[in-house]
Amino acid sequence: MTEQEKLELLKLDLQISTDKVNDRLSQMLKAAEGYITTEGIHLNPYKPEDDELVLMYAAYLWRSRKKENPVMPRPLRWALNNRLMREKARGHND
C-alpha cells in the first residue's frame, strides 16, 4: 500500500475530509511505523495486516494527542502483542 493510500484510509477512519492536516497525519503514520519497530516488530510492506497495524497506531496517536494520560486501546495492544509473538516464534520472517 502506498503512503497516499494509507493517508486516505487514515483520514477515512478519523472522519477527516479536509486536506489541511495531511502533513500532520503523514507524520503520524511515519511515527507509528517508528514506534512499532521500536517494539521489536519488523514491518513487511507487502502484508496488509502490517499496513492495518500502522493505521491503527496512527489513529491512536491522533485521537490521544490532546489527552493528558492516553491509554492505548486494547485491540491495538492485542494486535501489537500478537504480531510480536508471532514474529518471535517464526524468527522474524513473517
Side-chain angles (χ1 to χ4, degrees):
M1 178 180 308
T2 68
E3 295 304 312
Q4 184 62 37
E5 290 170 328
K6 288 180 193 175
L7 177 61
E8 292 304 319
L9 285 174
L10 179 59
K11 287 172 62 175
L12 185 65
D13 181 26
L14 297 171
Q15 299 178 355
I16 296 173
S17 58
T18 181
D19 292 336
K20 292 181 180 181
V21 293
N22 281 8
D23 290 342
R24 184 69 178 116
L25 291 174
S26 293
Q27 182 61 32
M28 286 192 167
L29 284 165
K30 291 176 189 170
E33 289 178 5
Y35 292 140
I36 291 169
T37 56
T38 297
E39 292 205 24
I41 296 171
H42 297 86
L43 294 169
N44 182 336
Y46 303 106
K47 291 191 71 156
E49 307 93 279
D50 285 1
D51 289 334
E52 187 61 30
L53 191 57
V54 170
L55 289 168
M56 287 172 59
Y57 207 116
Y60 156 69
L61 291 174
W62 178 264
R63 290 182 178 117
S64 66
R65 73 193 187 288
K66 293 183 180 179
K67 293 181 181 177
E68 191 170 316
N69 293 311
V71 176
M72 185 177 285
R74 289 180 68 159
L76 175 55
R77 183 77 261 161
W78 179 85
L80 287 167
N81 288 344
N82 282 340
R83 178 65 175 83
L84 182 60
M85 292 302 113
R86 190 172 65 242
E87 184 173 311
K88 296 298 180 191
R90 293 184 180 159
H92 120 58
N93 295 328
D94 202 22

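Everything numeric in this text was worked out from a predicted model, so none of it was measured. Heavy atoms only: backbone and side chains are in, while hydrogens, waters and symmetry mates are out. All residue numbers refer to positions in the sequence shown, counting from 1.
- Side-chain contact between W62 and L10 is absent, with no heavy atoms from C-beta onward closer than 4.5 Å.
- Listed here is the closest heavy atom pair of N22 and K11: OD1-NZ, 3.0 Å.
- Under the 3.5 Å distance criterion, the side-chain polar atoms of T2 are matched with a main-chain donor or acceptor of E5.
- Residues L14 and L25 meet the side-chain proximity criterion, which asks for heavy atoms closer than 4.5 Å.
- To the nearest 0.5 angstrom, I41 atom CD1 is 12.0 Å from E33 atom CD.
- Annotation: the span from E39 atom CD to L80 atom CG amounts to 5.0 Å, rounded to 0.5 Å.
- Between E3 and K6 there is a salt bridge, since at least one side-chain N of the basic residue sits less than 4.0 Å from a carboxylate O of the acidic one.
- Rounded to the nearest 0.5 angstrom, Q4 CD and L29 CG are separated by 10.0 Å.
- Smallest separation of non-hydrogen atoms from A31 and L61: CB-CD1, 4.2 Å.
- Criterion: ILVMFWY side-chain heavy atoms under 4.5 Å apart, direct or through other members. Under it, L76 and I36 are part of a common hydrophobic cluster.
- Of the charged side-chain nitrogens involved, none lies within less than 4.0 Å of a carboxylate oxygen, so that R86 and E49 do not count as a salt-bridged pair.
- In this structure, R24 places its CZ atom where only 12 or fewer heavy-atom neighbours from other residues, nucleotides or ligands lie under 6.0 Å away.
- Taking hydrophobic clusters as Ile, Leu, Val, Met, Phe, Trp and Tyr residues chained together by side-chain heavy-atom distances below 4.5 Å, I16 shares a cluster with L55.
- W78 and M85 fall into different hydrophobic clusters, where Ile, Leu, Val, Met, Phe, Trp and Tyr side chains are chained together by heavy-atom contacts under 4.5 Å.
- Considering all non-hydrogen atoms of both residues, L43 and P45 come closest at O-CD, 3.7 Å.
- Scanning all heavy atoms of the two residues, the minimum distance from A32 to A58 falls at CB-N, 3.7 Å.
- Put simply, Y46 and L9 are part of two different groups of oily side chains (I, L, V, M, F, W, Y) that touch within less than 4.5 Å, one to the next.
- Looking at every heavy atom in both residues, D13 comes nearest to A59 through OD2-CB, 3.4 Å.
- Note on E52 versus R83: no salt bridge recorded, every NZ/NE/NH1/NH2 to OD/OE distance being 4.0 Å or above.
- Y35 is not connected to V71 by any chain of hydrophobic side-chain contacts under 4.5 Å among Ile, Leu, Val, Met, Phe, Trp and Tyr, and they are in different clusters.
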